[in-house]
Amino acid sequence: MSAGADAGSGAVAAEWSRQGSPAKDGFVPSVLGTREHWDAVYERELQAFQEYGDTGEIWFGEESMKRLVRWMHKHKIPLDASVLDIGTGNGVFLVELAKFGFSNITGIDYSPSAIQLSGSIIEKEGLSNIKLEVEDFLNLSTKLSGFHICIDKGTFDAISLNPDNAVEKRRQYVKSLSRVLEVKGFFLITSCNWTKEELLNEFSEGFELFEELPTPTFSFGGRSGNSVASLVFQKT
């Protein structure tokens with residue numbers, strides 16, 4: 001998502017998700033939570049890249065990527081640490097990590113068009129140390145495991161809007177995360193649909209809050225707050 005440091009499509013998704021007739025978990029089911037929607041999105045973005053060289057949107061903007069990289073640098077995450085980008089989309093964050101020096105990075109997405117787009121962008125950047133896989137995080141193959149860092153910028157949000165039993169899909173997400181992330185490994189999540197307190201509840205089993213990352217604030221009607229939550233969990 002782009003259009004501002006932490007605004008754009010993500011903010012729209014958050015607004016849509018809390019309106020209308022909510023499900024038991026408070027979210028309104030939406031096409032934003034379906035594979036068909038994202039397949040269509042990345043098919044369009046792939047075509048735009050092939051025709052015009054347009055890399056497409058950056059989830060939550062460039063600042064969100066820099067924020068995560070700064071955190072990894074601050075905590076001296078080794079450059080050879082294994083990093084998994086969950087729902088990598090156009091792979092732009094993988095490019096950012098590679099340019100910083102990380103050498104063991106993997107991007108997964110359930111959309112083949114997203115992985116094809118990522119591969120094209122990575123090739124254009126002249127990078128070769130990035131692995132890409134078509135993978136559904138809720139139905140992972142056994143080859144994905146042992147990651148030191150897992151990163152999510154919007155994928156958990158999308159899963160939360162799935163019209164088909166989103167509550168169970170969120171539970172499966174947590175199980176998959178627990179399986180691929182090493183003990184004491186870190187999970188960095190950026191969300192526009194969930195507050196800090198809600199995320200703490202969603203990831204209460206097997207994970208503990210390590211740090212809350214600062215995000216831009218907004219002011220309206222004399223009140224201020226954050227439109228985006230960015231948290232770091234550690235697997236226990």
Side-chain angles (χ1 to χ4, degrees), residues 1-2 5 42 45-46 49 53-137 140-156 173 176-191 203 206-207 210-211 213-214 230-236:
M1 300 179 188
S2 60
Y42 288 114
E45 291 200 358
L46 177 60
F49 178 78
D54 181 6
T55 58
E57 295 192 52
I58 299 174
W59 289 95
F60 299 102
E62 291 187 9
E63 173 56 29
S64 68
M65 297 193 300
K66 294 176 181 177
R67 179 192 310 133
L68 300 181
V69 173
R70 283 196 300 267
W71 182 89
M72 295 167 75
H73 177 64
K74 171 186 173 183
H75 290 277
K76 297 181 172 57
I77 303 299
L79 293 178
D80 62 351
S82 54
V83 181
L84 178 66
D85 188 23
I86 302 168
T88 196
N90 58 13
V92 174
F93 185 58
L94 298 174
V95 171
E96 186 81 7
L97 289 172
K99 287 183 174 180
F100 189 81
F102 286 95
S103 59
N104 187 8
I105 48 184
T106 301
I108 62 170
D109 205 293
Y110 63 16
S111 171
S113 294
I115 294 301
Q116 187 178 350
L117 174 61
S118 298
S120 298
I121 293 172
I122 289 167
E123 182 180 4
K124 182 181 178 181
E125 293 286 344
L127 301 169
S128 59
N129 58 340
I130 298 175
K131 296 181 284 291
L132 294 171
E133 300 285 349
V134 177
E135 287 272 7
D136 180 352
F137 195 65
L140 287 174
S141 63
T142 56
K143 61 184 177 182
L144 283 176
S145 63
F147 288 94
H148 301 106
I149 305 283
C150 287
I151 296 168
D152 182 322
K153 296 199 300 97
T155 299
F156 190 70
Y173 181 102
S176 294
L177 179 64
S178 183
R179 185 167 75 78
V180 301
L181 188 62
E182 285 191 343
V183 174
K184 298 300 181 181
F186 295 106
F187 171 53
L188 286 65
I189 181 169
T190 303
S191 171
F203 294 93
F207 301 89
F210 184 83
E211 188 173 347
L213 304 183
S230 190
L231 304 180
V232 179
F233 288 92
Q234 188 169 33
K235 182 179 173 181
T236 57

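FYI, side chains are in, hydrogens and waters are out, and symmetry mates aren't considered; it's all heavy atoms of this structure. The structure displayed is predicted, hence computed values, not measured ones.
In this structure a side-chain-to-backbone donor-acceptor pair under 3.5 Å is missing from Asp152 to Ile86. Counting only distance, with no hydrogens or angles, the side chain of Ser118 and the backbone of Gly91 share a donor-acceptor pair below 3.5 Å. Listed for the Ser230 side chain is no donor-acceptor partner under 3.5 Å among the backbone atoms of Pro214.
The shortest side-chain heavy-atom distance between Met72 and Val83 falls under the 4.5 Å cut-off. Taking 4.5 Å as the limit, some side-chain heavy atom of Trp71 sits within range of a side-chain heavy atom of Val232. Between Val69 and Phe93 the shortest side-chain heavy-atom distance falls below 4.5 Å.
The CD1 atom of Ile149 sits 11.5 Å away from the CG atom of Asn104 when rounded to the nearest 0.5 Å. Here CG of Leu97 is found 11.0 Å from OG of Ser103. Values are rounded to the nearest 0.5 Å. To the nearest 0.5 angstrom, Leu68 atom CG is 9.0 Å from Arg70 atom CZ. Distance check, rounded to the nearest 0.5 Å: CD1 of Ile121 to CD of Glu45 gives 8.0 Å. Of the inter-residue distances, the one linking Ile77 atom CD1 with Ser82 atom OG reads 10.5 Å to the nearest 0.5 angstrom. Ile130 CD1 to Glu123 CD: the interatomic distance, rounded to the nearest 0.5 Å, is 12.0 Å.
Contact between Leu140 and Ile108 at its shortest, heavy atoms only, is CD2-CD1, 4.2 Å. Among all heavy-atom pairs drawn from Gly107 and Leu94, the shortest one is CA-CD1, 3.7 Å. Taking both residues in full, the closest heavy atoms of Ala98 and Leu127 are given as CB-CD1, 3.9 Å, listed atom of the first, atom of the second, then distance. Counting all heavy atoms, side chain and backbone alike, Gly89 lies closest to Asp109 at N-OD2, 2.9 Å.
Phe102 meets the ring pair (Phe, Tyr, Trp, His ring centres under 6.0 Å) test with Phe100; sequence neighbours excluded. Shown here are the side-chain hydrogen bond (donor to acceptor under 3.5 Å, both in side chains) partners of Lys143, two or more places apart in sequence or in another chain: Glu133. For the salt bridge (Lys or Arg N to Asp or Glu O under 4.0 Å) test, residues two or more places apart in sequence or in another chain that qualify with Asp136 are Arg35. Applying the salt bridge (Lys or Arg N to Asp or Glu O under 4.0 Å) test to Glu211 and every residue at least two apart in sequence or in another chain returns Lys74. Applying the side-chain hydrogen bond (donor to acceptor under 3.5 Å, both in side chains) test to Asp85 and every residue at least two apart in sequence or in another chain returns Thr88. Evaluation of the side-chain hydrogen bond (donor to acceptor under 3.5 Å, both in side chains) rule for Ser176 yields Gln172 as partners, not counting sequence neighbours. In this structure, the side chain to side chain contact (heavy atoms under 4.5 Å, CB included) partners of Gln116, at least two apart in sequence or on a different chain, are Leu46, Gln50. Taking the ring pair (Phe, Tyr, Trp, His ring centres under 6.0 Å) definition, one finds that Phe156 meets it with Tyr173, Trp194, Phe203, sequence neighbours left out. By the side-chain hydrogen bond (donor to acceptor under 3.5 Å, both in side chains) test, Ser111 pairs with Asp39, sequence neighbours left out.
Every pair passing salt bridge (charged side-chain N to carboxylate O under 4.0 Å, His left out) that includes a residue from residues 97-106 is listed here, sequence neighbours excluded: Lys99-Glu125.
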Show me the side-chain donor-acceptor pairs of residues 178-189 shorter than 3.5 Å, one per line, residues at least two apart or across chains.
| unit_1 | atom_1 | unit_2 | atom_2 | d |
| --- | --- | --- | --- | --- |
| Arg179 | NH2 | Ser141 | O | 3.2 |
| Glu182 | OE1 | His148 | NE2 | 3.4 |

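Counting heavy atoms of neighbouring residues, nucleotides and ligands inside a 6.0 Å radius, atom NE2 of His75 exceeds 12 of them.
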